[in-house]
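Note that this is a predicted model, so its numbers are computed, not measured. Order of the sequence lines sets the chain letters (A, B, ...), proteins ahead of strands, with each chain counted from 1.
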Amino acid sequence: MKKYYITTPIYYVNDRPHIGHAYTTILADTLSRFRNLIGDTSFFLTGLDEHGLKVQQAAEKNGVTPAVHCDTMAPAFIELWEKLNINYSDFIRTTDKRHTKIVQNILNQVYDNGDIYQDEYEGWYSISEERFITEKEVESGLFGEVKKIKEKNYFFKMSKYQSELIEKIESNELSIQPKSRKNEVLGFLKNDLSDLCISRPKARLEWGIEIPFDKDYVTYVWFDALINYISAPKYSEDNKIFDLHWPADVHLIGKDILTTHSVYWPTMLMSLNLPLPKTIFAHGWWLTDDKKMSKSLGNVISPLMLIDEFGVDPVRYYLMSEMVLGLDATFSMDSFTKKYNSDLANDLGNLVSRVCTLISNNFDDKMPSYNAKDSELSERFNSINIKEHLDHFKIDGLLHEVMSFIRSVNGYMEKNQPWKLVKEDKESAGNILYHASEALRVSAIMLSPVMPEKSKEILAALGAKDLKLEWGILKSGDKILKTGPIFPRIIQ
RNA sequence: GGCGGAGUAGCUCAGUUGGUUAGAGCAGCGGAAUCAUAAUCCGAAGGUCGGGAGUUCAAAUCUCUCCUCCGCUACCA
């Protein structure tokens, strides 16, 4: 069995969860379930990033301590993941003791390696923003009271690893996808890399992990957060578990945090002398088509709002099949409805109904037997290469192929007309219905990573108990379970 | 300004190393069927592949140039 370690970013709790968080997490969940489906053992990590200035500020605004703020935000994420049927293997919070301890271990280790040094930084500091700003920002005059501050801080020797990093990215030892993102990072790395300031004086920021060798400082939030990918599998605490998981097969990220993941994180790992993640995949954004939406509904709708009305699975299906690779996609009620009706209601749902009804009416609710194990459908099914699509992160392509297979089953029905054939040659009609049912069974299984619950309903309707992705598994004579429409049409 | 990506049918997108009449889904049009969620199936139509120039027997695919959109990055006397 092959291990597959997949992560989402840990989400920053200064804001409530939104479609961006949900999309990444559904994508990770889908990939994870697909990996399990093809025989890998997936370990899927997600969690929360809870330190740093913005969390401290958000807490102050609400009049609570940062710890309380985090504890009230965490359930919002966890509940959404439950609602979205996210099957994560571990959920880490950067305030977990298991995490903070390891971050401190690592700081000590990097410090002992000589990759951390103290230096004095002098720059313009905005009182209202509570951060250093650039010369240009000072000139803009938009940052209120500014003063020049001289501050001692700890720096990580990121620059030391620049050329090694470039080499690893170019050789795809660290694969950054899609390719445009790889180019972007390499472009960024053409300029000299500076060292990374990884501390904040407690005098201006308390909410963080204390630097173990200087109690006047806390750890910069990104340095802290990125470590979650190895603290969850117990780096420096349990070698056996750690070696089983690391390196990660893929870090799934949004395109906004490309640099932190493709530059900061790999150099940190190099300093620890650890292998780099195999792949960093940056996906695009969901844009909303405001014009259309404000016209028809008077407000902007998020795909998340559709869940209560249409169920989680159709929304998951829509999100997974409509976004291409690493590109942005536009969400609209109209495109959702079209996708739902044509793919799920008309092609798939209706096919389940027609097959089940024919079996019910002509074969006494029992799965007919076949007189030939193979058919054009089995051949077509065998040509679908799930792993190939997964390896290239082409979930949309895979779903299109499965849908195309399902459409071909409708064609198969039309060509063979079992509803007529049954009157002359019941055995042959049974054979046709068996193959159509088997096609639906494997289709439901192939769709199960995207639509776990709806797939179960389809399998139940067919009376399928065995979930093997092979042809000819349905047992003749087993009872089918005819139900109402699994995907009722959306009437506009 | 530099680097990178995108511009293909009304819409969303495929088009591998240049090679037969440029593909799919959806929408639209015409027909068939009536087992099924007024679902399905078949057929035709629809594109000067952003504009222009070039290389080649042959270019959506390579080169140059221009236009539009997006991303990253830098910045100015």
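For residues 397-434 of chain A, the pairs satisfying ring pair (Phe, Tyr, Trp, His ring centres under 6.0 Å) are A:Tyr370-A:Tyr434, with sequence neighbours left out.
Where A:Ser408 and A:Thr357 each meet RNA chain B at their nearest nucleotide, the meeting point lying more 5' is that of A:Thr357. If A:Leu358 and A:Arg181 are placed on RNA chain B by their nearest nucleotide, the residue sitting closer to the 5' end is A:Leu358.
Between A:Lys190 and B:G2 there is no side-chain N or O to OP1 or OP2 distance below 4.0 Å.
Counting non-hydrogen atoms under 4.0 angstrom, A:Asp347 reaches the backbone sugars and phosphates but no base. Within the 4.0 angstrom heavy-atom criterion, base atoms lie near A:Gly349. A:Lys420 comes within 4.0 angstrom of sugar-phosphate atoms only, judged by non-hydrogen atoms across all strands, and of no base. A:Leu351 comes within 4.0 angstrom of nothing in the nucleic acid, heavy atoms only. At a threshold of 4.0 angstrom between heavy atoms, the contacts of A:Asn361 with the nucleic acid are absent.
For A:Asn346 against B:A39, no side-chain N or O and base N or O form a donor-acceptor pair under 3.5 Å.
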Full working for side chain to side chain donor-acceptor pair (under 3.5 Å) between A:Ser360 and A:Asp365:
CA-CA 4 Å; A:Ser360 177; A:Asp365 288 313; 2.9 Å; yes
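Side-chain proximity of A:Ser180 to the nucleotides B:G71, B:G4, B:U73 is greatest for B:G4.
Rounded to whole Å, the P atom of B:U8 lies 16 Å from the corresponding atom of B:C70. Comparing the P positions of B:C13 and B:G71 gives an interatomic distance of 16 Å, to the nearest angstrom.
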